[in-house]
Amino acid sequence: MELAAAKMIGAGIATLALAGIGIGLGNIFGSFLGGALRNPSAAKGQFTNLLIGFALTEATGLFALVIAFLILFT
């Protein structure tokens with residue numbers, strides 16, 4: 001197997017985490033929206049937790065993308 005082909009395969013595998021990130025973000029915002037619609041008065045108290053969950057999930061996606069770029073271009 002050539003090195004370029006191995007890099008492409010490795011980068012593709014590294015980006016599989018992005019599918020999980022999309023599912024995770026959908027779960028986070030869907031759960032928040034469901035909870036906020038059931039109890040609107042508690043929604044403001046949970047908004048900080050929503051943002052923290054969003055930021056951690058999105059950071060994981062960015063790390064996966066950086067790893068894919070490192071595999072491709074080094």
Side-chain angles (χ1 to χ4, degrees):
M1 179 181 296
E2 294 184 21
L3 181 61
K7 284 184 175 183
M8 296 284 183
I9 292 171
I13 291 172
T15 57
L16 288 177
L18 297 176
I21 299 304
I23 293 169
L25 285 176
N27 281 337
I28 288 171
F29 284 105
S31 297
F32 175 75
L33 187 60
L37 289 175
R38 288 183 185 186
N39 189 2
S41 64
K44 289 183 181 178
Q46 297 299 319
F47 190 71
T48 303
N49 292 337
L50 171 76
L51 291 180
I52 290 172
F54 168 73
L56 291 175
T57 306
E58 195 65 32
T60 305
L62 290 175
F63 290 143
L65 191 62
V66 167
I67 294 296
F69 283 144
L70 284 175
I71 290 171
L72 277 179
F73 298 115
T74 56

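Only heavy atoms go into these numbers, but all of them, side chains included; no hydrogens, no water, no symmetry mates.
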- Please name all residues satisfying side chain to side chain donor-acceptor pair (under 3.5 Å) with Ser41, sequence neighbours left out, ordered by chain then number. Asn39
- Query: What is the minimum heavy-atom distance between Ala14 and Ala64, and which atoms define it?
  - Reply: O-CB, 3.7 Å
- Item | Selection residues 18-61 - residue pairs positive for ring pair (Phe, Tyr, Trp, His ring centres under 6.0 Å), sequence neighbours left out | Phe29-Phe54
- Query: So among Leu65, Ile67, Val66, Ile71, which one has a side chain to side chain contact (heavy atoms under 4.5 Å, CB included) with Phe69?
  - Reply: Leu65
- Say whether Leu51 and Ile21 are linked into one hydrophobic cluster, either directly or through other cluster members, by side-chain heavy-atom distances under 4.5 angstrom. yes
- Do you know which two heavy atoms are closest between Ile28 and Gly53, and how far apart they sit? CD1-O, 3.6 Å
- Message: Under the rule for side chain to side chain donor-acceptor pair (under 3.5 Å), what residues qualify as partners of Asn49, not counting sequence neighbours?
- Response: Gln46
- Task: Please report the closest heavy-atom contact between Gly61 and Leu18, naming both atoms and the distance.
- Result: O-CD2, 3.4 Å
- Heavy-atom closest pair (Leu72 atom, Met8 atom, distance to 0.1 Å) is CD2-SD, 3.9 Å
- Query: How far does CD1 of Ile23 sit from CG of Asn27, to the nearest 0.5 angstrom?
  - Reply: 8.0 Å
